[in-house]
Structure formats: C-alpha cells, structure tokens
Novice: 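Below is the structure I would like to discuss, written out as structure tokens.
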Amino acid sequence: MYKRELKIFVLEFDSISEMSETDRELILSAREAAENAYAPYSKFQVGAALILENGELVKGNNQENADFTDGLCAERVALFYANANYPKSKVLSMAVSAKNANGLLQEPAQPCGSCRQVLVETEVRFNNPIRLILDGAKKIMVVESAESLLPFAFKPDALG
Ligand code: THU
C-alpha cells in the first residue's frame, strides 16, 4: 500500500487591481457576460470569458430553460462556441464570474463538475493547460490548469 498525496497550487489575489491587464480584461468580460445570462429560474448569473491563442476573446453565460435539465452552464457555452468556431486555436485562459441576488459572489466562482470535465477534454484536445481565473469580490483565485481541479479525470485515452 502506498499513500499518495496530491498537491495543487492556487494563486490568490485580493483584488482585480493586482492582476495583469490581460487577466483584468478577461475578468471584466466574464462579469459583463454574467449580466447577459439567461437565468430566470435560478437567478444565478454566470459569465465565462476565454482567450484563444489566435487572440480571440469568447464569452458565454448560462442559458436556462423551463425544462430545467435543458440548460447549459456559462463555461460550456463559451468552450463549445470557441471549439466550434476556432477549432484550431488553443484555449489559453478562462475567467469565470457569478452573481446572485446580492451581486458578485464573495468567494471565487467554482466551475461545476461537468464543466471541469469539458475543460479537461479541451486541455487534452489542444495538449495545453487552461489557466482558470475564478472571480470573487473578496478573493480571485487562479489555477494553472483545469485538470488540477479534477484529479484522476476521465480522459479520452481511457477509451482505448
Ligand atoms: N452554472 C454555471 O453556469 N456554471 C457553473 O459552473 C455552475 C452553475 C449555472 C447553471 C444554472 O443555470 C445556474 O448556474 C444555477 O445552477
């Protein structure tokens, strides 16, 4: 038996002003995207903004439906749009921002498990880590890859 310890590195910023201009632009775009979310049922508005290697900035937000299970998260809306329209361009970074009735979340927005799965697939597809910038009013968190948030992920190589 061997007990293995997994480590992840998380950068934490107290405010957006501490971040690089590119990161700030991405966070502001994610906040803007959250404003345009279609979330009449949960009233939880999420925005995602990603930057591609070709310089394109792609935004997405959650899209809900009266048939609740038909909705889609902001992160996947942005990723699927990017992968559909720029299939050759690596996804470099993604910012995620979320607001509820009280405004911007205090703690960093956390992508759900399904979005983590799709993020990891995109990392595998382009053989490139996706830097995640998770926005919060009190704290902004940065991780260097989506896989660090989904250890032992199910990946395409498992299919043989
Ligand atoms: N949501 C996202 O857009 N991204 C996440 O990672 C978590 C959840 C959306 C889905 C739904 O429209 C609302 O937030 C409440 O779950």
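Only this structure's heavy atoms are used, side chains among them; waters, hydrogens and symmetry mates stay out. Both ligands and their constituent atoms are indexed starting at 1 by order of listing. Quick caveat, the model's predicted, so the values are computed rather than measured.
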Novice: Run the salt bridge (Lys or Arg N to Asp or Glu O under 4.0 Å) test against Glu18 and tell me which residues pass, sequence neighbours left out.
Specialist: none
Novice: Please output the residues near ligand 1 using a strict heavy-atom distance under 4.0 Å, listed in chain and residue-number order.
Specialist: Ser42, Phe44, Val46, Asn62, Glu64, Cys73, Ala74, Glu75, Gln110, Pro111, Cys112
Novice: Hey, is CZ on Phe13 packed in by over 12 heavy atoms from elsewhere, all under 6.0 Å?
Specialist: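 Atom CZ in Phe13 is crowded, with more than 12 foreign heavy atoms closer than 6.0 Å.
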Novice: Name all residues meeting the ring pair (Phe, Tyr, Trp, His ring centres under 6.0 Å) criterion together with Tyr41; count only those two or more places apart in sequence or in a different chain, and write none if there are none.
Specialist: Phe68
Novice: Using the side-chain hydrogen bond (donor to acceptor under 3.5 Å, both in side chains) definition, which of the options Glu107, Glu12, Gln106 pairs with Lys138?
Specialist: Glu107
Novice: Which pair of heavy atoms, one from Val120 and one from Ala153, lies closest together, and at what distance?
Specialist: CG1-CB, 3.9 Å
Novice: Can you sort out the partners of Glu35 under salt bridge (Lys or Arg N to Asp or Glu O under 4.0 Å), two or more places apart, ordered by chain and number?
Specialist: Lys99
